[in-house]
Amino acid sequence: MSPVAETDFVPWRDLLRRAHLAPLALVCFGIWLHAADEMIVATTLPALVADIGGARWLAWNLALYEIGSIITGVTSARLAIRFGLRRPMTVAALLFATGCAVGAAAPDMATFLVGRLLQGLGGGGLVALAFVAVGILFPPRLMARAMATMSMLWGVSACLGPLVGGLFVEYVHWRAAWVAFAVQALLLAVLFAIGPVRGRARGEADGGGAPVLRLSVLALAILLVALAGSGLSLAVTIGCATAGLAALWLFRGLDAKAGTGRLLPRSPVGFGSPVGAAMLMVFAMSAATIGITVFGPVLMVALHGASPLATGYVVAAGAISWAVMAVLVSGAPAVDDGRNVAIGVVLIVLATVLFVPAMLHGPLWLVGIAAGLQGAGFGIAWTFIVRLSRSLTDADDAERVAGAIPTMQRVGYAVGAALLGIAANATGIAARMDAGTAAGIALAVFGLSVVPALLGLAATWRFVRARQRR
């Protein structure tokens, strides 16, 4: 049989062979748990708060989940290098199951938040290890198809998650939703432990024990960033944001000095290398696009009189178009990876710019088009980022690169939400506001989002030019 060239189209049947189906199903199962859980939480929170109280701590529901998710996400590559895939993925699923069980039994909000932290630790590990697993379990030519399958499942989760959560709240109980996910995660842990998950440890030196200091600095950074977006006074907000970004930079410096025990790839963020540019691109684009998720619903209601159902469909348009485009383009040959990433990022930037007039002046369907265009851009670019990044890095850094991509996405979302939160709070966001105030907030939030989008575009140029030169 002749070797497969980088210019060859990749048919779906190559991915759906018996040898690939079982590992693909297990990886996608982990993605489902993480994605659907995020969607279900938003649906069940009102009933949860009515039952156990603690509304003033509600913002920490997301913050603690993000802290746990980022911490395990950034350690996933190192764990895979040291232990292989099976043990870390099994432990991640068990952590997620434990978090769901704690949440289901929580008598108060404090206990529930402990469960959310454990869920974040497990969910972040499942997603980051899924990215690592794609590069280990599948040949390079099938990586884009595997990524498209994961994106498709994420889109399905975005649609089904709120429905599933609503059904539990309406006909059973919100606690039953957490029990159901605990059972699923426990089943996944068993399947990981006994199933066809290859990927052996490479036996590299791990740089001298557990990276406690680095993880502590990272956790502090994300905590400060979360506080910055929590609606505190402007001075405290700016102080927390500045300290959080400084702590992130400190973590980057400490990790760079850790040698083979690094958690991130060499030159993790910046224009100094193609992989560093890729990480900066993912971070910046994530920060640029979080605005529609965090502030879009309340602004659509205030400016356009949209119903909750309509706002939900507009936000979901991004996830759906992401999934559809990922499936449509995933068969493209590897030689086109750089071009496809560039096309996707350009669409994201155009959508980010379009959000400003669309949100300010409408009509609502134009906001939906911007959301769909943004999701389509991610669907095109995201499908090929892992394959292109791995092709531009050294073999000993491949797992770190794959694991760092979803982690940089989460960090970008956290930082972006905090910075946009500062802008929104400075312009007077409130539960009830007139159209003039809402217009000022929309201009500040979506206008500011253009800045990281342009930064991401510049990083994309550096990233894809390296592929062209090679």
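Values reported hereafter were calculated over all heavy atoms of this structure, with side chains retained and with hydrogens, waters and symmetry mates removed.
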Side-chain heavy-atom pair [X], [Y] within 4.5 angstrom cut-off:
{"X": "Thr149", "Y": "Cys28", "answer": "yes"}
{"X": "Trp178", "Y": "Gln119", "answer": "yes"}
{"X": "Leu126", "Y": "Ile31", "answer": "no"}
{"X": "Leu113", "Y": "Met109", "answer": "yes"}
{"X": "Phe384", "Y": "Met143", "answer": "no"}
{"X": "Leu118", "Y": "Phe96", "answer": "no"}
{"X": "Met150", "Y": "Val134", "answer": "yes"}
{"X": "Arg400", "Y": "Arg78", "answer": "no"}

request  = Only pairs at least two apart or in different chains count here, so list each side-chain hydrogen bond (donor to acceptor under 3.5 Å, both in side chains) that has a residue in residues 240-249.
outcome  =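 Every candidate side-chain hydrogen bond (donor to acceptor under 3.5 Å, both in side chains) pair involving residues 240-249 fails, so no pair, neighbours aside, qualifies.
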Are any side-chain N or O atoms of [X] and backbone N or O atoms of [Y], one a donor and one an acceptor, separated by less than 3.5 Å?
{"X": "Arg86", "Y": "Phe192", "value": "yes"}
{"X": "Arg390", "Y": "Ile385", "value": "no"}
{"X": "Ser286", "Y": "Gly412", "value": "no"}
{"X": "Thr289", "Y": "Met285", "value": "yes"}
{"X": "Arg175", "Y": "Ala104", "value": "yes"}
{"X": "Asp108", "Y": "Thr111", "value": "yes"}
{"X": "Asp336", "Y": "Ala332", "value": "no"}
{"X": "Thr75", "Y": "Thr72", "value": "yes"}
{"X": "Ser330", "Y": "Arg145", "value": "no"}

Hey, could you give me the [atom1]/[atom2] distance between [X] and [Y], rounded to the nearest 0.5 Å?
{"X": "Phe463", "Y": "Leu388", "atom1": "CZ", "atom2": "CG", "value": "3.5 Å"}
{"X": "Leu213", "Y": "Leu218", "atom1": "CG", "atom2": "CG", "value": "11.0 Å"}
{"X": "Leu129", "Y": "Met89", "atom1": "CG", "atom2": "CE", "value": "5.5 Å"}
{"X": "Leu420", "Y": "Ile292", "atom1": "CG", "atom2": "CD1", "value": "11.5 Å"}
{"X": "Arg387", "Y": "Asp337", "atom1": "CZ", "atom2": "CG", "value": "4.0 Å"}
{"X": "Ile343", "Y": "Ile348", "atom1": "CD1", "atom2": "CD1", "value": "12.0 Å"}

query = Where do Glu66 and Val225 land on the side-chain contact (heavy atoms from CB on, under 4.5 Å) test, with the steps shown first?
reply = CA-CA 11 Å; Glu66 289 294 334; Val225 167; over 6 Å; no
request  = Compute the centroid of each ring, for Phe271 and then for Trp461, and state whether the two points are separated by less than 6.0 Å.
outcome  = no
message = Suppose we call two aromatic rings close when their centres sit under 6.0 Å apart. Are His34 and Phe29 close by that rule?
response =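 Not close enough - the centres of the two rings lie 6.0 Å or further apart.
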What's the shortest heavy-atom distance between [X] and [Y], and which atoms?
{"X": "Val329", "Y": "Gly379", "answer": "CG2-O, 4.2 Å"}
{"X": "Val464", "Y": "Gly338", "answer": "CG1-O, 3.3 Å"}
{"X": "Val275", "Y": "Ser389", "answer": "CG2-O, 4.1 Å"}
{"X": "Ser69", "Y": "Gly124", "answer": "OG-CA, 3.3 Å"}
{"X": "Ala247", "Y": "Val217", "answer": "O-CG1, 3.3 Å"}
{"X": "Val74", "Y": "Thr407", "answer": "N-OG1, 3.5 Å"}

side-chain contact (heavy atoms from CB on, under 4.5 Å) between Met325 and Leu328, intermediate numbers included = CA-CA 5 Å; Met325 288 308 301; Leu328 291 178; 4.1 Å; yes
query = side-chain contact (heavy atoms from CB on, under 4.5 Å) between Met408 and Leu280: does it pass, once the steps are laid out?
reply = CA-CA 8 Å; Met408 292 307 300; Leu280 179 59; over 6 Å; no
inquiry  = Applying side-chain contact (heavy atoms from CB on, under 4.5 Å) to Phe295 and Ile290, what does each step give before you reach the verdict?
reply    = CA-CA 8 Å; Phe295 298 101; Ile290 192 63; over 6 Å; no
query = In terms of the angle between their ring planes, are Trp174 and Phe112 parallel, tilted or perpendicular, with boundaries placed at 30° and 60°?
reply = perpendicular
ask   = Which residue, Leu121, Thr90, Leu117, forms the side-chain contact (heavy atoms from CB on, under 4.5 Å) with Leu95?
value =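 For Leu95, the side-chain contact (heavy atoms from CB on, under 4.5 Å) check succeeds only for Leu121.
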Summary of ring pair (Phe, Tyr, Trp, His ring centres under 6.0 Å) pairs that have at least one residue in residues 318-351, sequence neighbours excluded = Trp322-Phe378, Trp322-Trp382
